[in-house]
Amino acid sequence: MLTADLVRCRIKAGRLSLVQLKGKGQQTALELGARYLALASDNVGKTREQLKLAWAAIEVGPRERKVALGLQKLIEDQCEVQASSEIDTQALRSRVFLAAASARRGDPRGFDRNLVLEPIAGEFGIASSAIDDTLYADLPSQQVLTRAPGIDAQELLTRYEQAQIQAVLLRAVRVVATVRCLDVSRYRSLFRALKFHRLLYVLARDEQGYRITIDGPFSLFEATTKYGLQLALVFGSLLACDELTLTAELKWGKERRPASFEFTHTNSARSTSDEEPLDPELLRLREALVKQASGWTISANSDILELPGVGLCVPDLCCVRGGKKVYVEVLGFWSRQAVWKRVELVEQGLGARIVFAVSSRLRVSEEALDGVDAASLYVYKGTISARALLEHMNRVAG
């Protein structure tokens with residue numbers, strides 16, 4: 001994935017626009033991409049540092065430098081690598097440095113290097129001549145390429161253009177995406193992706209589809225790289241929709257200048273990608289429920305619950321017992337505003353039986369849904385208790 005400093009863009013009147021590769025510039029990028037990919041294949045079995053030296057030997061003009069660095073970054077991310085040695089290099093370094101310091105204290109005028117290294121080499125089962133190459137084998141630059149990307153220059157360039165938009169989203173305060181899908185399953189896949197990547201979002205029905213308002217990393221109390229990466233990763237699921245209109249409020253550059261960004265996309269090739277899996281924590285919760293939930297069938301949810309004019313939600317789990325369906329939505333990492341939106345949905349007549357599992361960090365009381373038979377708030381501390389959640393599910397099921 002690209003970083004924001006590798007994005008080719010300009011800002012005019014507060015609007016950020018990407019500099020498109022066209023004509024000669026596009027042809028140059030294709031040629032560079034082809035050469036970089038060929039060098040990656042040629043350097044399989046060699047280190048990252050050797051590959052970068054091979055790339056650096058290719059002359060690039062000032063105008064193409066940022067494109068070149070971006071293409072190299074994407075190729076490097078796609079390479080498979082492994083440590084150049086299976087030896088515990090940290091332990092080896094510690095042993096060598098301590099032994100060398102001890103020997104130097106014993107004879108300040110100097111010491112015999114081989115006499116220091118030979119016994120250590122015997123301890124680690126390597127030749128003393130191999131210690132120099134092994135000392136820093138755990139550094140990224142010394143990792144060995146085991147496989148090069150299996151793509152061509154055209155696909156690399158397509159990924160580069162997408163990666164630029166993803167890098168822009170790393171600086172977002174808020175993102176509003178309006179999507180339209182001809183196939184309902186594509187909506188389910190998108191909503192599952194939003195859940196899987198733990199994004200904070202609000203979902204609303206649009207005239208022909210849905211409008212998704214997503215909090216960006218710069219809307220948080222402290223901008224986090226991890227959250228920004230999750231937002232960037234979900235962009236591929238947005239592109240899979242038949243129509244996408246995206247606007248983003250940004251804080252750009254070191255000065256974090258306010259800027260806006262717009263992007264539209266029409267998907268001519270229908271995507272056949274699989275739906276996102278459940279979050280690992282939800283998988284563990286489902287397994288725990290299955291062990292204790294006698295009579296319940298627990299599965300990942302694919303239903304969209306909507307109350308026209310009020311809002312909608314996409315629960316995480318669908319639980320069925322005796323023909324009665326109870327949904328479970330986990331709101332552990334969300335905001336208090338999202339919880340109150342769910343409470344409003346229920347009070348306005350959502351109709352579905354549902355349990356909202358809410359982290360105590362959000363400072364919401366279970367009494368918020370007292371008197372509502374079809375819904376329940378389960379407030380948990382730390383981790384969700386399958387037994388306590390089952391009590392709420394049984395009460396809602398009646």
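Keep in mind that this is a model prediction, so the values were computed, not measured.
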Write down the atom of [X], the atom of [Y], and the distance for their closest heavy-atom approach.
{"X": "V343", "Y": "A368", "answer": "CG1-O, 4.1 Å"}
{"X": "M1", "Y": "A232", "answer": "SD-CB, 3.6 Å"}
{"X": "Q162", "Y": "G236", "answer": "NE2-CA, 4.1 Å"}
{"X": "A397", "Y": "V326", "answer": "CB-CG2, 4.0 Å"}
{"X": "I75", "Y": "A40", "answer": "CG2-CB, 4.0 Å"}
{"X": "I214", "Y": "I212", "answer": "CG1-CG2, 3.7 Å"}

Which label fits F263 and F261: parallel for a plane angle under 30°, tilted from 30 to 60°, or perpendicular past 60°? parallel

Are [X] and [Y] close enough for a salt bridge, meaning some N to O gap below 4.0 Å?
{"X": "K73", "Y": "E76", "value": "no"}
{"X": "K195", "Y": "D316", "value": "yes"}
{"X": "E155", "Y": "R159", "value": "yes"}
{"X": "D242", "Y": "R180", "value": "no"}

I'd like to know whether [atom1] of [X] has more than 12 heavy-atom contacts from other residues, nucleotides or ligands below 6.0 angstrom.
{"X": "R35", "atom1": "CZ", "answer": "no"}
{"X": "R336", "atom1": "CZ", "answer": "yes"}
{"X": "E123", "atom1": "CD", "answer": "yes"}
{"X": "N114", "atom1": "CG", "answer": "yes"}

Counting C-beta onward and ignoring hydrogens, is there a side-chain heavy-atom pair between [X] and [Y] closer than 4.5 Å?
{"X": "L170", "Y": "L229", "value": "yes"}
{"X": "C79", "Y": "P149", "value": "yes"}
{"X": "V19", "Y": "Q164", "value": "no"}
{"X": "H392", "Y": "V328", "value": "no"}
{"X": "I298", "Y": "M393", "value": "yes"}
{"X": "L51", "Y": "K46", "value": "no"}
{"X": "E64", "Y": "E31", "value": "no"}
{"X": "V396", "Y": "I354", "value": "no"}

**Message:** Set out, in order, the CA-CA distance, both residues' side-chain angles and the distance that settles side-chain contact (heavy atoms from CB on, under 4.5 Å) for V364 and L331, then state yes or no.
**Reply:** CA-CA 11 Å; V364 177; L331 300 169; over 6 Å; no

Looking at [atom1] of [X] and [atom2] of [Y], how far apart are the two atoms once the value is rounded to the nearest 0.5 Å?
{"X": "K66", "Y": "R8", "atom1": "NZ", "atom2": "CZ", "answer": "8.5 Å"}
{"X": "L30", "Y": "L21", "atom1": "CG", "atom2": "CG", "answer": "8.5 Å"}
{"X": "L190", "Y": "S237", "atom1": "CG", "atom2": "OG", "answer": "6.0 Å"}
{"X": "L157", "Y": "L71", "atom1": "CG", "atom2": "CG", "answer": "6.5 Å"}
{"X": "N394", "Y": "S376", "atom1": "CG", "atom2": "OG", "answer": "11.0 Å"}
{"X": "R147", "Y": "L145", "atom1": "CZ", "atom2": "CG", "answer": "12.5 Å"}

Would the distance check show the side chain of [X] and the main-chain N or O of [Y] forming a donor-acceptor pair, the cut-off being under 3.5 Å?
{"X": "R188", "Y": "N301", "value": "no"}
{"X": "D206", "Y": "R211", "value": "no"}
{"X": "S94", "Y": "A91", "value": "no"}

Examine [X] and [Y] and state if one hydrophobic cluster contains both, with Ile, Leu, Val, Met, Phe, Trp and Tyr joined whenever side-chain heavy atoms are less than 4.5 Å apart.
{"X": "Y227", "Y": "V176", "value": "no"}
{"X": "L239", "Y": "I151", "value": "no"}
{"X": "L32", "Y": "V7", "value": "no"}
{"X": "L305", "Y": "V320", "value": "no"}
{"X": "V44", "Y": "L74", "value": "no"}

Classify the side-chain pair D303/Y327 by whether it contains a donor and acceptor separated by less than 3.5 Å. yes

Take Y380 and S359 through the test side-chain contact (heavy atoms from CB on, under 4.5 Å) and record every step on the way to the result.
-> CA-CA 5 Å; Y380 65 90; S359 170; 4.0 Å; yes

Test side-chain hydrogen bond (donor to acceptor under 3.5 Å, both in side chains), reference Q143, set R48, E80, Q82, E49, output is R48

**OP:** Show your working on side-chain contact (heavy atoms from CB on, under 4.5 Å) between Q72 and K52 and close with a plain yes or no.
**Re:** CA-CA 9 Å; Q72 291 174 14; K52 289 186 176 182; 6.0 Å; no

| said: Please list all pairs meeting ring pair (Phe, Tyr, Trp, His ring centres under 6.0 Å) that have one or both residues in residues 139-187, counting only residues at least two apart or in different chains. | reply: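 Every ring pair (Phe, Tyr, Trp, His ring centres under 6.0 Å) pair that includes a residue of residues 139-187, provided the two are not neighbours, is Y187-Y210.
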
Exercise for review: Not counting sequence neighbours, list each pair that qualifies as a ring pair (Phe, Tyr, Trp, His ring centres under 6.0 Å) and has a residue in residues 9-52.
Suggested key: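 Applying ring pair (Phe, Tyr, Trp, His ring centres under 6.0 Å) to every pair that reaches into residues 9-52, excluding sequence neighbours, yields Y36-W55.
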
For the pair T28 and V67, evaluate side-chain contact (heavy atoms from CB on, under 4.5 Å) and give the outcome as yes or no after the intermediate values.
-> CA-CA 10 Å; T28 300; V67 176; over 6 Å; no

